[in-house]
Amino acid sequence: MERTFASSSSRDLSTFPVSSSSSSLLGSSRPTRPVKIIPLQHPNSTTSSSLNPLSLALFSRWTAKIKRTTLVQWIDTFLPCCRWIRTYKWREHFQLDLMAGLTVGIMLVPQDCTQFMDYVSYHKIKIVVNLTSLDKVDTGFVPIFVYAIFGSSRQLAVGPVALVSLLVSNVLGGIVNSSDELYTELAILLAFMVGILECTMALLRIMVINACIPLCCRLGWLIRFISHSVISGFTSASAIVIALSQAKYFLGYDIVRSSKIVPLIKSIISGAHKFSWPPFVMGSCILAILLVMKHLGKSRKQFRFLQAAGPLTAVVLGTLLVKIFHPSSISLVGEIPQGLPSFSIPKKFEYARSLIPTAMLITGVAILESVGIAKALAAKNGYELDSSQELFGLGLANILGSIFSAYPSTGGVSGRSAVNNESGAKTGLAGVVAGIIMGCSLLFLTPLFEQIPQCALAAIVTSAVMGLVDYDEAMFLWHVDKKDFVLWIITSTTTLFLGIEIGVLVGVGASLAFVIHESANPHIAVLGRLPGTTVYRNVEQYPEAYTYNGIVIVRIDAPIYFANTSYIKDRLREYEVDVDKSSKRGPEVEKLYFVILEMSPITYIDSSAVQALKELYQEYKSRDIQICISNPNRDVLLTLTKAGVVELIGKEWYFVRVHDAVQICLQHVLSSSQTPKKPDPFDGDRPSFFKRLSKQREEDLSVSELESGGNKTSVPKYTEPHLEPLLYRKS
């Protein structure tokens with residue numbers, strides 16, 4: 001036989017203190033064999049009073065981190081570009097950055113010119129504060145330089161995206177009825193507000209990380225409840241709405257502007273008699289070419305350049321067809337102002353209150369999409385990314401962009417970042433090159449944009465948003481997690497039929513409902529001992545694990561607070577009644593004597609949970625059942641100590657390991673089973689179950705046999721009282 005022994009301890013059963021509350025569980029004969037356990041360190045009044053207040057502890061951590069921060073680290077914090085400038089390898093990186101910048105710049109000029117034309121120009125903004133269809137290029141011009149300096153990602157391409165454009169057009173279309181100038185100023189103001197929100201959240205996040213303010217003060221904590229399935233459903237529905245909004249350029253007649261699918265479809269059907277063939281044929285052919293080029297660029301490595309060249313090809317081809325055939329039924333972009341964006345300070349702050357929900361929603365998209373994709377690109381390229389600095393860089397890009405007549409920009413929900421990364425971009429210099437390309441286009445190439453057919457630009461938009469309909473994600477969620485699939489369906493359906501804002505609110509509300517349901521109904525497992533070990537695991541996950549008669553070991557896998565105390569108490573009562581004896585070992589008793597709570601997963605317990613624990617203890621005490629606590633963390637144990645629960649239950653019933661608790665409980669169960677019960681004068685007709693047990697079990701069943709599951713044939717009789725046999729296995 002190979003034996004393993006526990007380390008010695010000062011506690012043994014013969015001197016183990018017993019509280020008055022548990023004296024009824026013990027028989028008259030006490031076993032003298034010692035049981036070795038690891039003593040649990042209880043907090044006392046001295047240690048509790050010596051703890052620093054939370055504010056002083058947080059302040060000390062913050063000041064200590066400031067003292068450790070060097071000048072170079074401070075510079076890198078506020079100017080992340082210095083990190084790659086110091087280590088820039090001109091021979092290796094410059095050529096790759098140059099090619100990536102040229103590729104993205106050539107792709108962005110027609111693409112950015114497209115999206116603003118459709119999504120923001122509800123009222124045909126033409127030449128107002130330089131915010132025209134070309135000013136969407138301005139949105140990609142100024143922020144791209146700012147982000148290259150203050151952003152921490154080296155591959156993320158910042159600029160206008162279809163989803164943000166749809167949000168801007170949707171909210172401004174409901175505010176402005178006739179004034180194009182007001183519409184433009186509100187778009188600039190919205191960019192400024194988004195930038196302020198992003199910078200504020202980034203700074204608060206940095207202060208939280210440095211332990212300067214409590215976590216509850218973070219403004220972005222609500223964004224955590226927007227799950228990936230909600231964003232995927234929202235983006236897919238928005239992509240469908242965006243694609244339908246382009247139908248007027250393919251069909252040749254105007255349709256109603258709406259963020260809901262039903263009015264769009266009704267308008268398309270009602271105007272079918274105005275259908276025109278030339279824009280439909282041209283737009284469909286260009287769309288097919290774009291899709292083929294995108295497919296080849298993704299599937300064939302040697303044709304990767306086709307994906308980036310697709311938008312430029314569409315613009316050139318559409319312009320050539322217009323120049324050659326001069327079709328009168330195809331609408332063109334028209335006159336575009338030439339030059340760099342002008343300086344202007346955001347105005348109309350009296351409308352700021354009505355723009356706050358949209359600004360928060362755009363900020364949420366920036367946090368979830370831009371920061372998420374930036375982290376993925378950083379991990380793929382082998383460098384660390386500071387999400388706080390990333391959000392701060394996006395905020396500054398929007399603030400400075402609004403000063404130069406731009407509307408909100410972000411990154412991540414388009415293919416430009418993927419193209420930038422696949423083109424070999426190594427640093428932010430690629431973004432600077434792309435910005436230079438766009439600046440040159442603003443200065444010298446604007447006359448060429450006047451002859452671009454709008455159906456060609458609509459084809460670019462449609463091909464871009466088709467990839468946002470995440471059908472594969474829906475199928476993945478269906479196979480992996482039905483709850484997330486339901487969230488996807490709820491968000492996408494409400495977004496399609498009720499609008500963007502309502503869709504997001506319903507999606508977030510559904511996410512919160514699922515979170516609350518999971519929190520109020522936590523997972524609770526009954527633990528059993530794995531054969532040949534002192535490890536206790538979920539009996540449903542490990543069917544070979546066995547339990548002991550008279551003992552229930554329960555693990556609560558969540559914090560305990562007011563919302564789930566009733567559920568936990570009901571489940572514990574069920575375990576008391578519904579006892580599966582098929583896998584139980586030890587002395588055969590007919591009642592429950594001990595409930596062991598494994599509290600290592602419990603990170604927090606509130607006052608309601610403390611009160612519920614007291615009530616549960618009193619309820620168990622009335623039925624001669626003892627509660628044992630195993631492995632509570634320091635905060636939970638301190639809360640129980642302050643609330644008097646430790647003294648109520650008894651310090652001797654708190655253990656470091658589940659196995660320690662099981663050993664002590666087995667001793668008491670064995671003692672109770674071997675001691676005849678005193679006759680009850682009021683219960684003369686009920687036979688004592690201890691007498692029945694004595695006929696079925698031998699009285700010399702040892703503790704070592706109990707610890708090994710009560711199998712006498714496999715456990716040798718151990719006679720050394722100063723050692724604790726834990727594991728027995730054949731050599």
Side-chain angles (χ1 to χ4, degrees), residues 115-116 118-123 125 128-132 135-136 138-139 142-143 158-204 219-220 222-223 226 234 238 241-242 257-260 341 344-370 391-392 394-410 413 495 498-508:
Q115 294 177 2
F116 183 80
D118 259 324
Y119 310 137
V120 178
S121 58
Y122 256 105
H123 303 282
I125 305 174
V128 181
V129 198
N130 210 24
L131 185 68
T132 61
D135 194 56
K136 184 61 183 291
D138 297 347
T139 299
V142 175
V158 174
V161 297
L163 185 57
V164 173
S165 300
L166 181 62
L167 291 172
V168 173
S169 65
N170 188 58
V171 67
L172 297 188
I175 297 176
V176 181
N177 294 322
S178 58
S179 174
D180 290 345
E181 183 176 357
L182 177 60
Y183 190 97
T184 301
E185 292 176 353
L186 292 182
I188 296 173
L189 176 61
L190 186 58
F192 181 78
M193 293 174 61
V194 169
I196 293 295
L197 274 178
E198 290 173 341
C199 288
T200 303
M201 289 185 179
L203 291 175
L204 289 179
L219 293 179
L222 279 174
I223 303 299
I226 307 180
F234 170 72
S238 299
V241 173
I242 291 171
R257 292 190 175 273
S258 176
S259 61
K260 305 174 184 178
S344 63
I345 298 176
K347 304 174 183 177
K348 303 296 180 181
F349 284 95
E350 60 269 20
Y351 291 90
R353 179 176 298 180
S354 59
L355 298 178
I356 289 177
T358 304
M360 296 182 66
L361 188 56
I362 295 174
T363 304
V365 171
I367 294 174
L368 294 171
E369 295 290 346
S370 301
L391 192 58
F392 186 74
L394 289 172
L396 281 181
N398 276 301
I399 291 174
L400 296 180
S402 66
I403 295 176
F404 288 92
S405 305
Y407 83 103
S409 62
T410 184
V413 203
T495 302
L498 301 179
I500 294 174
E501 288 84 358
I502 297 178
V504 172
L505 291 177
V506 171
V508 173

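Summarising the geometry, atom CE belonging to Met201 is positioned 5.5 Å from atom CE belonging to Met360; distances are rounded to the nearest 0.5 Å. A distance of 10.5 Å separates OG1 in Thr363 from CD1 in Ile196, rounded to the nearest 0.5 Å.
Contact between Leu391 and Glu198 at its shortest, heavy atoms only, is CG-O, 3.5 Å. Contact record, Val142 with Gly401: CG1-CA, 4.0 Å, taken as the closest heavy-atom pair. Taking each heavy atom of Ala406 and Ala191 in turn, the nearest pair found is O-CB, 3.4 Å. Of all non-hydrogen atoms in Leu498 and Lys260, the two that sit nearest each other are O-CE, 3.4 Å. Nearest heavy-atom pair, Leu186 versus Leu355, reported as atom, atom and distance to 0.1 Å: O-CD1, 4.0 Å. In plain terms, the two heavy atoms of Val158 and Ser409 that are nearest each other are CG1-OG, 4.1 Å.
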Exercise for the section: With side-chain contact (heavy atoms from CB on, under 4.5 Å) as the test, would you mind laying out the steps for Glu185 and Leu189 before giving the verdict? Expected result: CA-CA 6 Å; Glu185 292 176 353; Leu189 176 61; over 6 Å; no

Handout entry: Trace of the side-chain contact (heavy atoms from CB on, under 4.5 Å) decision for Thr495 with Val241
Key = CA-CA 9 Å; Thr495 302; Val241 173; 5.7 Å; no

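Residues Leu400 and Pro143 are not in side-chain contact: their nearest non-hydrogen atoms beyond the backbone lie 4.5 Å or more apart. Contact check for Leu190 versus Tyr407: no side-chain heavy atoms found under the 4.5 Å cut-off. Ile399 has its side chain within reach of Phe192: a pair of non-hydrogen atoms, C-beta onward, lies under 4.5 Å apart.
Among the candidates Leu197, Val168, Asn398, the single residue satisfying the side-chain contact (heavy atoms from CB on, under 4.5 Å) test with Ile362 is Val168.
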